[in-house]
2 protein chains.
Amino acid sequence: MLKIGELASKTGLTAHTIRYYEKNGLINASQRSEVGYRCYNESDVRQAEFVRTARRIGFSIADVAALLSIRVDKTNHTCQDVTEITQRKLKDVSEKITELRSMQKTLQILLNSCSGGPENAYHCSIMEALDASNSQAVRGRA
Amino acid sequence: MLKIGELASKTGLTAHTIRYYEKNGLINASQRSEVGYRCYNESDVRQAEFVRTARRIGFSIADVAALLSIRVDKTNHTCQDVTEITQRKLKDVSEKITELRSMQKTLQILLNSCSGGPENAYHCSIMEALDASNSQAVRGRA
DNA sequence: GTTGACCTTAGAGTTTACTCTAAGCTTATA
DNA sequence: TATAAGCTTAGAGTAAACTCTAAGGTCAAC
Ligand SMILES: [Zn+2]
Ligand SMILES: [Zn+2]
Ligand SMILES: [Zn+2]
Ligand SMILES: [Zn+2]
């Protein structure tokens, strides 16, 4: 039976975070000690590790809660239930990457256009591009 | 002279957002009408468009504030000042992309391992991977 | 002359995921 | 037997960027 600090060092979460996850239904201490300390058994620890793994992958707390509800009742859930959550997350991540790549490209174009030197910014092409609301560079892929 | 709603439709920002930006020093109305309405002149509009463009590229509000302070005093700032902000942002964006690509890869591996079919999740390989805290798939690029 | 769209302010609420604080027990160590 | 480290709770604070509300004044149109 681990105390919260022990679970924390075992999982790499902080005790604060574990209590926060508990409030959100992700981690649970099956027992309390006589004085009220949280006590985690092996099954609790495995669940905490599941949570940490899922969070590391990028699942939100709500996603993890959904995955846990499948986990505790696998026979009444399908592989489809699991992949739906995973697909949705993959879609989010992919969309975010697309957005960021567009930003990345624009920023790179801006940087390529400017010397970055010590001359004053009066004719800086980055500033000019930001000022031109109809600039090619800042409207994404042309 | 535009009123806030006119500036909003011209820029694609909402009136709420424009007031919020004003509070943060990004957009300013040079005048008020007799009854206190914000009035934006051409220069104000150009600044608002600069802000909108910079925000669209992904610069934070603090970044935009820094860019604006260069913009209003170009002769006392250098191209280096401008590129520093841009480089920092590019670095942030690139790091975020790296993170997300790692998530994307993991999620794809998970999805490839599961049929996604209507069978129950008892032997679901996604659930198994999440449960195995030492799983290959969930520890990023091996 | 009243409806409806638009404007004003200060300030609260939203989202996500923590992160920290205060006040007070408990437990291990020197 | 004192410290120090660790545990408890409720609740507040943080970050970013909005988003909305309430209560009220203004303006154009029918
Ligand atoms: Zn120059
Ligand atoms: Zn330059
Ligand atoms: Zn199966
Ligand atoms: Zn499956």
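Lettering follows sequence order; numbering is per chain, from 1.
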**OP:** Please tell me which of the listed nucleotides, D:dT19, D:dT8, D:dC27, lies nearest to the side chain of B:Tyr20?
**Re:** D:dT19
Original post:
Of the candidate nucleotides C:dT8, D:dC7, D:dC27, which contains the atom at the shortest distance from the side chain of B:Arg32?
Top reply: C:dT8
Subject >> Rounded distance (Å) that lies between atom P of D:dA5 and atom NZ of A:Lys3 >> reply: 14 Å
Original post:
Should A:Lys96 and A:Glu99 count as an ion pair when the cut-off is N to O under 4.0 Å?
Top reply: yes
Original post:
B:Arg38 near the nucleic acid: base, sugar-phosphate alone, or nothing, with a heavy-atom cut-off under 4.0 Å?
Top reply: sugar-phosphate
**OP:** Using a 4.0 Å heavy-atom cut-off across all strands, classify B:Thr14 as base, sugar-phosphate, or nothing.
**Re:** nothing
Original post:
In whole Å, what is the span from the CG atom of B:Asn24 to the P atom of D:dT19?
Top reply: 14 Å
Original post:
Of all the choices, C:dT8, C:dA17, D:dA17, which nucleotide is nearest to the side chain of A:Ser60 once you look at every atom?
Top reply: C:dA17
Original post:
Tell me: CG of A:Leu26 to C1' of C:dA17, nearest whole Å?
Top reply: 11 Å
Subject >> Nucleotide nearest B:Tyr37 (side chain, heavy atoms from C-beta), chosen from D:dC7, D:dG25, C:dA17 >> reply: D:dG25
**OP:** Could you check A:Val64, A:Ile18, A:Thr11 and say which one makes a side-chain contact (heavy atoms from CB on, under 4.5 Å) with A:Ile27?
**Re:** A:Ile18
Subject >> A:Lys74 atom NZ, over 12 foreign heavy atoms within 6.0 Å >> reply: yes
Original post:
Counting N and O atoms only, with roles assigned by atom type, does the side chain of B:Ser102 sit under 3.5 Å from a partner on the main chain of B:Thr98, one being a donor and the other an acceptor?
Top reply: no
**OP:** Could you state the atom-to-atom distance from CZ of A:Arg19 to C1' of D:dT9 in whole Å?
**Re:** 9 Å
Original post:
A:Arg55 side chain: which of C:dC18, C:dT8, D:dT9 is closest?
Top reply: C:dC18
**OP:** Check whether any side-chain N or O of B:Lys89 sits under 3.5 Å from a backbone N or O of B:Gly58 as a donor-acceptor pair, and report yes or no.
**Re:** yes
Subject >> Minimum-distance nucleotide (side-chain atoms of B:Thr17 versus C:dT8, C:dC18, D:dC18) >> reply: D:dC18
Original post:
Once you round it to whole Å, what is the distance between C1' of C:dC7 and OH of B:Tyr40?
Top reply: 11 Å
Original post:
Given atom CD of B:Glu34 and atom P of D:dG25, what is their separation to the nearest angstrom?
Top reply: 18 Å
**OP:** Would you kindly give the CG-to-P distance between A:Leu13 and C:dT19, to the nearest whole Å?
**Re:** 10 Å
**OP:** Round to a whole Å and report the spacing from CZ of B:Arg56 to P of D:dA17.
**Re:** 16 Å
Subject >> Nearest-nucleotide comparison on DNA chain D, the residue closer to the 5′ end among B:Ala62 and B:His16 >> reply: B:Ala62
Original post:
Hey, which of these two, B:Glu6 or A:Lys23, hits DNA chain C nearer its 5' end, going by closest nucleotide?
Top reply: B:Glu6
